[in-house]
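Data first, discussion second: the structure below is written as structure tokens.
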Amino acid sequence: MTARADERLRLGDKGDDDYGGRTHQSGFVDDVGAVVPIVDVKFYLETFDRLARRFGCFLNVCKTRILTSCTGQSILPQLRSVDRTLADELTDTIAEFSVKPSTTPEEFDPVEVTDGFVYLGCPIGSPEFARSYFKEKVNEVRQEARKLHQQIGDHQTRLRLFTMSTMLKLPYLLGMDIMHNLPLTDFNYGNWMNWYSELVEDIEELLRSFLSEMLDEAEIPDHTILICQLGLKQGGLGLLHPAS
């Protein structure tokens, strides 16, 4: 892949990275992701598929996805107006490597992703896609918290399970939240411990509703939440403080 980029660079095509459009690939166990110039997508997937087979690995075309934009709109019409051959090649590549089962038996429909995807639990795409993913994860934790209320009668056990297990499925998302929403200008970096976002608000609401149901109290004051978010050694409950 580097050789293809070097050749483009030699011919004067710097690409959007000034290096001829290099491919960047990363992998974790059996999950592989790559940032590939459009002109190399077909070559990359065909080469990857060919080389992987020698090691007993095969591309799952129903799981492989090709993200072409983060705007919610396909790039194919605009690309076709500029380079019809490349647009047709990309269309054929999507139809071959990024598909889902069709309603017709033994047939498949092409899938062009235009909003975002999740890689190793992290949303990659538009801010709208990330927000939707964050809400989905918070709702999953909310459902698990509801099961704790239904199945665990002892308050101490319920609280510790919630704090040490259920809620620990959310903190890693806060880093992604900052990556998607941190203002590039007009941000007071000295006030970083008071980060606030839609995800932080949803987590705060989740904590408040959990305590409200466990204590059978309609309202949980702000100062109670703050005390509960102190560490156990400081007299609190060790609940997650998402803003910090």
Side-chain angles (χ1 to χ4, degrees), residues 1-2 4-5 15-17 19 21-53 55-76 79 90-91 93-101 108-144 166-184 195 197-200 202-203 240 242:
M1 299 301 293
T2 302
R4 291 171 66 90
D16 60 2
D17 59 359
Y19 290 97
R22 292 183 177 178
T23 290
H24 298 275
Q25 177 179 289
S26 65
F28 184 80
V29 189
D30 62 344
D31 281 332
V32 177
V35 180
V36 186
I38 294 175
V39 293
D40 287 340
V41 172
K42 178 180 174 63
F43 175 81
Y44 173 82
L45 288 170
E46 288 181 344
T47 303
F48 188 97
D49 188 40
R50 174 171 53 81
L51 296 177
R53 289 175 182 271
F55 302 97
C57 300
F58 302 90
L59 277 176
N60 186 335
V61 296
C62 288
K63 289 186 177 180
T64 300
R65 290 293 177 260
I66 299 176
L67 176 73
T68 60
S69 78
C70 295
T71 64
Q73 302 293 324
S74 171
I75 67 167
L76 291 173
L79 180 61
L90 181 58
T91 300
T93 303
I94 292 173
E96 181 179 358
F97 290 102
S98 179
V99 299
K100 64 180 180 181
F108 298 90
D109 296 327
V111 178
E112 178 191 4
V113 181
T114 61
D115 52 1
F117 69 101
V118 178
Y119 182 62
L120 298 179
C122 300
I124 299 175
S126 66
E128 292 76 15
F129 176 80
R131 282 194 292 271
S132 175
Y133 180 75
F134 294 152
K135 284 189 175 296
E136 177 184 331
K137 295 291 111 177
V138 172
N139 285 334
E140 288 179 3
V141 171
R142 185 176 286 108
Q143 293 297 324
E144 293 188 20
T166 307
M167 280 299 294
L168 293 185
K169 298 178 180 180
L170 296 177
Y172 83 97
L173 293 176
L174 293 166
M176 301 300 104
D177 180 38
I178 291 175
M179 290 179 62
H180 280 281
N181 298 305
L182 182 68
L184 298 180
W195 169 256
S197 68
E198 199 171 320
L199 175 60
V200 170
D202 287 344
I203 294 177
L240 174 67

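Starting from 1, each residue takes its place in the sequence as its number.
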Return the CD1 to CG distance between I94 and L90, rounded to the nearest 0.5 Å. 4.0 Å
In Å and rounded to the nearest 0.5 Å, what is the CD1 to CG distance from I38 to L79? 5.5 Å
Review item, side-chain donor-acceptor pairs of residues 110-126, under 3.5 Å, at least two apart:
residue, atom, partner, partner atom, Å
E112, OE1, S74, OG, 2.7
E112, OE2, T68, OG1, 2.5
E112, OE2, S74, OG, 3.0
Y119, OH, S26, O, 3.2
Y119, OH, S26, OG, 3.3
S126, OG, F129, N, 3.1

With a 4.5 Å cut-off on side-chain heavy atoms, are T93 and E46 touching? no
Interatomic distance, CG@L51 vs SG@C57, rounded to 0.5 Å, equals 11.0 Å
Is it true that, when you exclude Y172 itself, more than 12 heavy atoms of the residues, nucleotides or ligands shown sit nearer than 6.0 Å to its OH? yes
Treating R65 as the side-chain partner and V99 as the backbone partner, does any N or O pair qualify as donor plus acceptor under 3.5 Å? yes
Got a salt bridge between D202 and K135, using NZ or NE/NH1/NH2 to carboxylate O under 4.0 Å? yes
Which value, rounded to the nearest 0.5 Å, describes the distance between L173 atom CG and I178 atom CD1? 11.5 Å
Can you measure from NZ (K42) to OG1 (T47) and round to the nearest 0.5 angstrom? 10.0 Å
Check whether more than 12 heavy atoms from other residues, nucleotides or ligands sit under 6.0 Å from atom CG of D16, and answer yes or no. no
Got E144 and V141 here, is their nearest side-chain heavy-atom distance under 4.5 Å? no
For E140, which of R142, Q143, K137 qualifies under side chain to side chain donor-acceptor pair (under 3.5 Å)? K137
Note: R4 and V39 closest approach over all heavy atoms is NH2-O, 3.6 Å
Can you name the residues that form a salt bridge (charged side-chain N to carboxylate O under 4.0 Å, His left out) with D109, not counting sequence neighbours? none
Side-chain heavy-atom pair V32, Q25 within 4.5 angstrom cut-off: yes
Is atom CD of E128 surrounded by more than 12 heavy atoms (other residues, nucleotides or ligands) closer than 6.0 Å? yes
F28, CZ: over 12 other non-hydrogen atoms inside 6.0 angstrom: no
Could you measure the distance from the CZ atom of F134 to the NE2 atom of H180? Nearest 0.5 Å is fine. 5.5 Å
Candidate list V35, V36, V41, test side-chain contact (heavy atoms from CB on, under 4.5 Å), partner T23, passing option: V36
